[in-house]
Protein chains: 2
Amino acid sequence: MDDLTEMLKGTLEGCVLEIIDSEETYGYAITRRLNELGFTDVVEGTIYTILLRLERNGLVQVTKRPSGLGPPRKFFALNDAGREELAAFWAKWEYLSSRIDKLKEGGR
Amino acid sequence: MDDLTEMLKGTLEGCVLEIIDSEETYGYAITRRLNELGFTDVVEGTIYTILLRLERNGLVQVTKRPSGLGPPRKFFALNDAGREELAAFWAKWEYLSSRIDKLKEGGR
DNA sequence: ACCACTACACAGTAACACGAAGTAGAGGGG
DNA sequence: CCCCTCTACTTCGTGTTACTGTGTAGTGGT
């Protein structure tokens, strides 16, 4: 699938929140997971900027743990604010995708 | 619905293409149509920049016609390139929304 | 004269995903 | 022993996009 970057704006962060919510995990693994899920072109740099943003906005709790096969990992878990943000994201997605699908079906 | 602007990036242009494809129309009317369809916060300034972009990218054919109740209108119609772009947009939307819905259903 | 509605244009802003480069740790092959 | 690969995180700069604000202009109503 060719360039999805513009369409991902605003949704990729929500996807990251969802993944973190389903399991405490770290940047590199999140990137791999997204690649598996069909977001094939998402690269680490993108995810790390999102994770730093989440941290800066106080939506996640961060724990550093040694890895065994590389540098230590920064594990992320959602806090209450993060779960609220995730719920808000899904509400928006629901709203937007329903409108767009309706538009696609020919309008009214 | 609170701020959808980030999520609209990449999709709003496609919505405009779809509206133009369904009927030759002009900026002000497109804005009103989008507002009706639930994109309540979309304003004219946004649509005009999109229309200028479409024109610059050679996706539309433009015709100026007098209005009768205001300044002349610039009517937009898709050309072949525009219809191709629209098809590509829907393909991307289909792809992305299916992946995100799958992620929402709990992943795998 | 003033206001409301229609209609378009344009300069500036903020947010976001991405690319590129770098740092660092662990393990394996020649 | 050095190089390469894979894991893992960071940071700076870039391009695209939607939005905001402001301005212009035409028509009709009060």
Side-chain angles (χ1 to χ4, degrees), chain A residues 1-17 24-35 39-57 59-60 62-76 85 89 92 96 100, chain B residues 1-17 25-35 39-57 59-60 62-76 85 89 92 96 99-100:
Chain A
M1 177 58 50
D2 50 277
D3 204 17
L4 291 175
T5 72
E6 288 309 322
M7 236 182 231
L8 281 174
K9 295 207 176 157
T11 64
L12 192 55
E13 181 178 314
C15 293
V16 170
L17 284 171
E24 189 188 35
T25 182
Y26 56 98
Y28 187 81
I30 292 169
T31 310
R32 292 292 90 79
R33 181 97 184 84
L34 284 166
N35 293 152
F39 303 88
T40 50
D41 293 343
V42 172
V43 292
E44 284 128 59
T46 303
I47 299 307
Y48 289 117
T49 55
I50 291 176
L51 290 171
L52 289 173
R53 193 162 68 227
L54 296 180
E55 193 176 353
R56 197 175 64 234
N57 294 350
L59 303 176
V60 288
V62 187
T63 318
K64 205 167 202 171
R65 300 212 188 92
S67 160
L69 42 55
R73 297 166 175 164
K74 278 179 71 177
F75 281 83
F76 294 82
E85 186 70 17
F89 164 71
K92 281 202 232 176
L96 181 65
I100 290 184
Chain B
M1 177 60 48
D2 50 278
D3 203 17
L4 291 176
T5 73
E6 287 310 321
M7 237 181 232
L8 282 175
K9 298 219 172 138
T11 64
L12 192 54
E13 182 179 312
C15 293
V16 171
L17 284 171
T25 182
Y26 55 98
Y28 188 80
I30 292 169
T31 311
R32 290 293 89 77
R33 182 96 184 86
L34 284 166
N35 294 151
F39 303 88
T40 51
D41 294 342
V42 172
V43 293
E44 285 127 61
T46 303
I47 300 306
Y48 290 118
T49 55
I50 290 175
L51 291 171
L52 290 174
R53 194 162 66 227
L54 296 179
E55 193 175 354
R56 197 175 65 233
N57 294 350
L59 303 175
V60 289
V62 187
T63 317
K64 207 166 200 171
R65 299 212 188 91
S67 159
L69 42 57
R73 296 165 175 164
K74 277 179 73 178
F75 281 82
F76 294 82
E85 185 70 18
F89 164 72
K92 281 202 230 177
L96 181 65
R99 308 291 147 151
I100 291 183

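Given the structure is predicted, the values throughout are model-derived calculations rather than measurements.
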On DNA chain D, which is the earliest and which the latest nucleotide, 5' to 3', with an atom closer than 4.0 Å to a heavy atom of chain A?
D/dT7 to D/dT17
In whole Å, what is the span from the [atom1] atom of [X] to the [atom2] atom of [N]?
X	N	atom1	atom2	result
A/L8	C/dG19	CG	P	11 Å
A/L4	C/dC16	CG	P	19 Å
A/D41	C/dA20	CG	P	13 Å
A/F39	C/dA17	CZ	P	12 Å

What is the minimum heavy-atom distance between A/F76 and A/V60, and which atoms define it?
CD2-CG2, 3.9 Å
Do you know which two heavy atoms are closest between A/C15 and A/F39, and how far apart they sit?
SG-CZ, 4.2 Å
Contacts of type salt bridge (Lys or Arg N to Asp or Glu O under 4.0 Å), residue B/E6, not counting sequence neighbours:
B/K9
Got a sec, which residues hit side chain to side chain contact (heavy atoms under 4.5 Å, CB included) with B/T46, two or more places apart in sequence or on another chain?
B/L12, B/V43, B/I50
Across all chains, not counting sequence neighbours, the side chain to side chain contact (heavy atoms under 4.5 Å, CB included) partners of B/R73 are B/Y26, B/S67, B/L69, B/F75
Give the B/S/- string for nucleotides 2-14 of chain C, one per nucleotide from 5' to 3', where a protein heavy atom under 4.0 Å of the base yields B, of only the sugar-phosphate yields S, and otherwise -.
----BBBSB----
Side-chain (B/N57) to main-chain (B/L59) donor-acceptor, under 3.5 angstrom
no
Just checking A/I50: base, sugar-phosphate only, or nothing, at a heavy-atom cut-off of under 4.0 Å?
sugar-phosphate
With sequence neighbours left out, what residues match B/K92 under side-chain hydrogen bond (donor to acceptor under 3.5 Å, both in side chains)?
none
Just grab all the salt bridge (Lys or Arg N to Asp or Glu O under 4.0 Å) pairs involving residues 44-53 of chain A, residues at least two apart or on different chains.
A/E13-A/R53, A/R32-A/E44
